Visitor: 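Got a structure for you, questions after.
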Amino acid sequence: MKVIKLTKYTPETANRIRELLIQLSRSGKDRGEIPKSWFDELIASPHHDMLIALDDNNKIIGIATLSVHMGPIIRKNAYLEDFVTDASVRGKGVGSALWEEMLVWAKEKGCKNLEFTCGNGREAAQEFYKNHGAEIYDTNFFRKPLE
């Protein structure tokens, strides 16, 4: 297994990433294909990346989407948007390998923290984060749709 940065779009890659995102969130099924333009923008950006875990046959078995967020007090933080491993490999170290690469990525970008949310009812994910040294903050997450 290896973890690399996504650097090239293919329809097969897009389909596999969509399959993994459906495992992460039920709402992924309803959104259809991920447009090529999204991948092009992600790959071209110096502030966003997708890390992908590949098995020995180069099948994508995990992903993590990261962004750099800028602020005036803490200059840079990394934000983890999507993090999922295929159900068939959970508990086999794939998540831990992705996690370690996320930390390397964030440090290379000059970030002070890695921030993310984890929904209620996701006890296994929350336990994973705690076991990897993440602290849970008592906060509320808000979303204001712009459409």
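Being a predicted model, the structure only gives us computed values, none of them experimental. All values below were derived from every heavy atom in this structure, side-chain atoms included, with hydrogens, water molecules and symmetry-related copies excluded.
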Visitor: Given the rule in the side chain to side chain contact (heavy atoms under 4.5 Å, CB included) test, do Ile34 and Leu21 qualify, once you have shown the distances and angles that lead to the verdict?
Guide: CA-CA 10 Å; Ile34 305 168; Leu21 290 172; 3.9 Å; yes
Visitor: Can you tell me how far apart CG (Leu24) and OG1 (Thr85) are? Round to the nearest 0.5 Å.
Guide: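 It is 10.0 Å, given to the nearest 0.5 Å.
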Visitor: Tell me the closest heavy-atom pair linking Gly32 and Arg18, and the distance in Å.
Guide: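 Gly32 and Arg18 have their closest heavy atoms at O-NE, 2.6 Å.
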Visitor: What pairs meet the salt bridge (charged side-chain N to carboxylate O under 4.0 Å, His left out) rule with one or both residues in residues 118-138, with sequence neighbours excluded?
Guide: none
Visitor: Might you point out which heavy atoms bring Leu20 and Ile61 nearest each other, and give the distance in Å?
Guide: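 What the structure gives for the nearest pair is CD1-C, 4.2 Å.
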Visitor: With sequence neighbours left out, write down each residue that passes salt bridge (charged side-chain N to carboxylate O under 4.0 Å, His left out) with Asp55, or none if nothing qualifies.
Guide: none
Visitor: Please check if the number of heavy atoms outside Asp56 that lie under 6.0 Å from its CG is greater than 12.
Guide: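 No, CG of Asp56 has 12 or fewer neighbouring heavy atoms, counting only those of other groups under 6.0 Å.
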Visitor: Write out all pairs satisfying ring pair (Phe, Tyr, Trp, His ring centres under 6.0 Å) with one or both partners inside residues 52-76, taking only residues at least two apart or from two chains.
Guide: His69-Tyr79
Visitor: With sequence neighbours left out, what residues match Lys92 under side chain to side chain contact (heavy atoms under 4.5 Å, CB included)?
Guide: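 Checked Lys92 against side chain to side chain contact (heavy atoms under 4.5 Å, CB included); zero matches.
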Visitor: Grab the two heavy atoms, one from Val68 and one from Cys111, that are nearest each other, plus how far apart they are.
Guide: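 The pair with the smallest heavy-atom distance is CG2-SG, 4.1 Å.
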Visitor: As an exercise, state the distance from CG of Asn15 to CD of Glu33, rounded to the nearest 0.5 Å.
Guide: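 Reported value, rounded in 0.5 Å steps: 7.0 Å.
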Visitor: What about Met50 and Ile4, same hydrophobic cluster or not, with Ile/Leu/Val/Met/Phe/Trp/Tyr joined at side-chain heavy-atom distances under 4.5 Å?
Guide: yes
Visitor: Filter on ring pair (Phe, Tyr, Trp, His ring centres under 6.0 Å), then keep only pairs touching residues 38-65, sequence neighbours left out; what's left?
Guide: Tyr9-Phe39
Visitor: By side chain to side chain donor-acceptor pair (under 3.5 Å), which residues pair with Thr117, not counting sequence neighbours?
Guide: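 Not a single residue meets the side chain to side chain donor-acceptor pair (under 3.5 Å) criterion with Thr117.
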Visitor: May I ask whether Leu103 and Ile63 are part of the same hydrophobic cluster, defined by side-chain heavy atoms of I, L, V, M, F, W, Y residues being less than 4.5 angstrom apart, directly or through others?
Guide: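 No, Leu103 and Ile63 fall in different hydrophobic clusters.
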Visitor: Which pairs count as salt bridge (charged side-chain N to carboxylate O under 4.0 Å, His left out) when at least one residue sits in residues 1-10, sequence neighbours excluded?
Guide: Lys5-Asp49
Visitor: Could you give the distance from CD1 (Ile17) to OG1 (Thr65), rounded to the nearest 0.5 Å?
Guide: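 Those atoms lie 7.5 Å apart.
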Visitor: Identify the two heavy atoms, one from Gly110 and one from Lys76, that lie closest to each other, and give their separation to 0.1 Å.
Guide: O-CB, 3.8 Å
Visitor: Kindly give the heavy-atom pair with the smallest separation between Gly62 and Leu98, and that separation in Å.
Guide: C-CD1, 3.7 Å
Visitor: By side chain to side chain contact (heavy atoms under 4.5 Å, CB included), which residues pair with Ala87, not counting sequence neighbours?
Guide: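 Ala87 satisfies side chain to side chain contact (heavy atoms under 4.5 Å, CB included) with Gln23, Arg90 only.
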Visitor: In this structure, would Ile60 and Leu6 fall into the same cluster of hydrophobic residues linked by side-chain contacts under 4.5 Å?
Guide: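 Yes, it is one cluster - the side chains of Ile60 and Leu6 are joined through contacts under 4.5 Å.
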Visitor: Suppose the criterion is ring pair (Phe, Tyr, Trp, His ring centres under 6.0 Å): which pairs have a residue in residues 100-120, not counting sequence neighbours?
Guide: Trp99-Phe116, Phe116-Tyr129
Visitor: Would a hydrophobic clustering, with Ile, Leu, Val, Met, Phe, Trp and Tyr connected at side-chain separations under 4.5 Å, put Ile52 with Leu80?
Guide: no
Visitor: Which salt bridge (charged side-chain N to carboxylate O under 4.0 Å, His left out) pairs, counting each pair once, include a residue from residues 79-89, with sequence neighbours left out?
Guide: Arg16-Asp86
Visitor: Look at the side chain of Lys109 and the backbone N and O of Pro46, then say whether any donor-acceptor pair between them is shorter than 3.5 Å.
Guide: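 Between the backbone of Pro46 and the side chain of Lys109 there is a qualifying donor-acceptor contact (under 3.5 Å).
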Visitor: Going from CG on Leu51 to CD on Glu101, what distance comes out if it is rounded to the nearest 0.5 angstrom?
Guide: 7.0 Å
Visitor: More than 12 heavy atoms of other residues, nucleotides or ligands under 6.0 Å from CD of Glu41: yes or no?
Guide: no
Visitor: I'd like to check the salt bridge (charged side-chain N to carboxylate O under 4.0 Å, His left out) partners of Lys107; sequence neighbours left out, ordered by chain and number.
Guide: none
Visitor: State the SG-CD1 distance between Cys118 and Ile136, to the nearest 0.5 angstrom.
Guide: 7.5 Å
Visitor: Looking at CG of Leu114 and CG of Leu66, how far apart are the two atoms once the value is rounded to the nearest 0.5 Å?
Guide: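 Answer for the CG-CG pair, Leu114 versus Leu66, is 6.5 Å.
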